[in-house]
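Chain letters run A, B, ... following the sequence lines, proteins first, then strands; residues in each count from 1.
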There are 2 protein chains.
Amino acid sequence: MRWSEIDAIPCPVAQAMAVIGDAWTTLILRDAIRGATKFDEFQASTRASRAILSDRLSHLVEHGVFERVQYEAHPPRYEYRLTARGDALRPVLTVMADWAETHLPHKVHNWGRRHKDCGHRFRPVVSCSECGEPIKRGSITYDTPPVLKRERA
Amino acid sequence: MRWSEIDAIPCPVAQAMAVIGDAWTTLILRDAIRGATKFDEFQASTRASRAILSDRLSHLVEHGVFERVQYEAHPPRYEYRLTARGDALRPVLTVMADWAETHLPHKVHNWGRRHKDCGHRFRPVVSCSECGEPIKRGSITYDTPPVLKRERA
DNA sequence: CCAGTAAGTTCATATACTGAACTCAGTCAT
DNA sequence: ATGACTGAGTTCAGTATATGAACTTACTGG
C-alpha cells in the first residue's frame, strides 16, 4: 500500500499523518508557529525545494491547517496563516520537541522553554483533562480498543 | 536540501523528525505501542512494503527507539521491542491522536480513551511540569529564542 | 524598457518506493 | 532424503516522488 493511501484508515494517528505526515510538513508548521507566513520565509527556513514547499502548503491549505490570504492587491501577494486547526498542533510540536531535548540532548540546542505564568523553565507534561493528573504509562484504556489488524485473507 | 539531511539541524523538531519523520514510522510506533513486536505483525498492520518496513525498523534500532531482540534460538527469530526512548514517544502519539479526533472527527474512529485513575473519558492536556497548570497559547517563552533563519548569503 | 520583487511552475535528473518473488536458516512430517 | 512450511528479511523491474536550477507570471519603480 502507498503512503498516500493512509487517509483511508480511520485511525486517529493515520488520519493525523495523512494531514501532517509528509516530509517537510512538520518543519513548515514549526516555522509557522515561529511566525513565518511568506513562501520565501518557509523556503529559507526549511530549505525544502520550492516545488515541494508549494505542494506541502497547498496540501495544508486543502486540509484546513493553513489559509492562503492575500496581503497585497498590487501586485497580488499571498501569505499562509495558521488556522485554529493548525494552531491546535502546537502541543504536538511542543511534546515532540521535548522528546528530542530529553532523548537527543547532544544533538539539539535547548532554547530554554519557560512557562510565563509561573516563570519556570518547564517540561510539557501530558495530563488528564478531567482530574488534572499527569497521565502515567499504562493508565490509558480504551472503551473499544484499537487492535492490531491482520490483513484480511 | 534533502529531507535526509535534516539531522544536521540542531533544532529539537528537526532532530525528532530525523528519527521519526519518515513515512510509515509513526504508524510503526503506533503499532508497537499497541503491542506489535514481529516483523510480519508490523507489515500486516501498517501495510507498508517489506523493504520499506525493514529499512524503517533498522533506522529506529540505530536511533535507539527499538531494540532487536532474539526471542527464539532454533531457528533464530527476532522481534522489535520499544526501548525507554521509544516508549517516551507515547505522549507524542497521544496528543497527535487527540488532535485528529478533535479536528477530523468525521474521519476517525474514536476508540474512547479513558483515564484509569479517575475513570473518565479524557483529552490529553499539555501542562507545565512545575506548576501543573495547562499551558495556554502564548504562554511559552524562550530564553534564547529560535528565530527564523535566513539562508546565509 | 529594464531591473527588481514575490510566488510559484517546469523540467532533466536523481532518489525513493512498491509489489511480487526470492533467499536464508531453520523445523517438521513423510 | 525430501518437500512443505515458517519468519525475517532482500532483490528487482517498474513506478512515483524529490531536487536544484531555471523559468514564468504579475506586477512596481526608475
> Rounding to a whole Å, what distance do you find between B/Gln70:CD and C/dA25:C1'?
Replying inline: 12 Å
> Of B/Phe39 and B/Met1, whose closest DNA chain D nucleotide lies nearer the 5' terminus?
Replying inline: B/Phe39
> Do B/Lys107 and A/Asp7 meet the salt-bridge criterion of a basic N to acidic O distance under 4.0 Å?
Replying inline: no
> How many Å lie between CD on A/Glu72 and P on C/dA7, as a whole number?
Replying inline: 9 Å
> Hey, is the side chain of A/Ser54 poking within less than 4.0 Å of OP1 or OP2 on C/dG8, counting only N and O atoms?
Replying inline: no
>> Reading DNA chain D from 5' onward, which residue's closest nucleotide shows up sooner: B/Ala51 or B/Thr37?
In response: B/Thr37
>> Please determine whether a side-chain nitrogen or oxygen atom of A/Arg50 lies at a distance below 4.0 Å from atom OP1 or OP2 of D/dA18.
In response: no
> Between B/Glu79 and B/Arg81, is the closest basic N to carboxylate O distance under 4.0 Å?
Replying inline: yes
> Do A/Asp55 and A/Arg50 sit within salt-bridge range, that is, some charged N less than 4.0 Å from a carboxylate O?
Replying inline: no
> Can you tell me how far C1' of C/dG8 sits from CG of A/Leu53, to the nearest Å?
Replying inline: 10 Å
>> Using a heavy-atom cut-off of 4.0 Å across all strands, would you classify B/Phe42 as base, sugar-phosphate, or nothing?
In response: nothing
> How many Å lie between CZ on B/Arg2 and P on D/dA21, as a whole number?
Replying inline: 12 Å
> Within this structure, what is the CG-to-C1' distance between A/Asp22 and C/dC17, rounded to whole angstrom?
Replying inline: 14 Å
> Which one, C/dG26, C/dC17, C/dA6, comes nearest to the side chain of A/Tyr71?
Replying inline: C/dA6
> Using 4.0 Å as the upper bound for N to carboxylate O, is an ion pair formed by A/Glu101 and A/Arg113?
Replying inline: yes
>> Would you compute the distance between atom NE2 of B/His109 and atom SG of A/Cys11 and round it to the nearest 0.5 angstrom?
In response: 10.5 Å
> Given atom CD of A/Gln43 and atom C1' of C/dT5, what is their separation to the nearest angstrom?
Replying inline: 15 Å
>> Go nucleotide by nucleotide along DNA chain C from the 5' end; which of A/Tyr78 and A/Trp3 gets its closest nucleotide reached first?
In response: A/Tyr78
> Which of the following nucleotides, D/dG20, D/dT28, C/dG26, is nearest to the side chain of B/Pro76?
Replying inline: C/dG26
> Given atom CG of A/Leu57 and atom P of C/dG8, what is their separation to the nearest angstrom?
Replying inline: 8 Å
> When only distance counts, do a donor and an acceptor, one from the side chain of B/Arg77 and one from the base of D/dT6, lie under 3.5 Å apart?
Replying inline: yes
>> Expressed as a whole number of angstroms, how long is the span from B/Arg68:CZ to D/dA8:P?
In response: 9 Å
> Hey, is the side chain of A/Trp24 poking within less than 4.0 Å of OP1 or OP2 on D/dT19, counting only N and O atoms?
Replying inline: yes
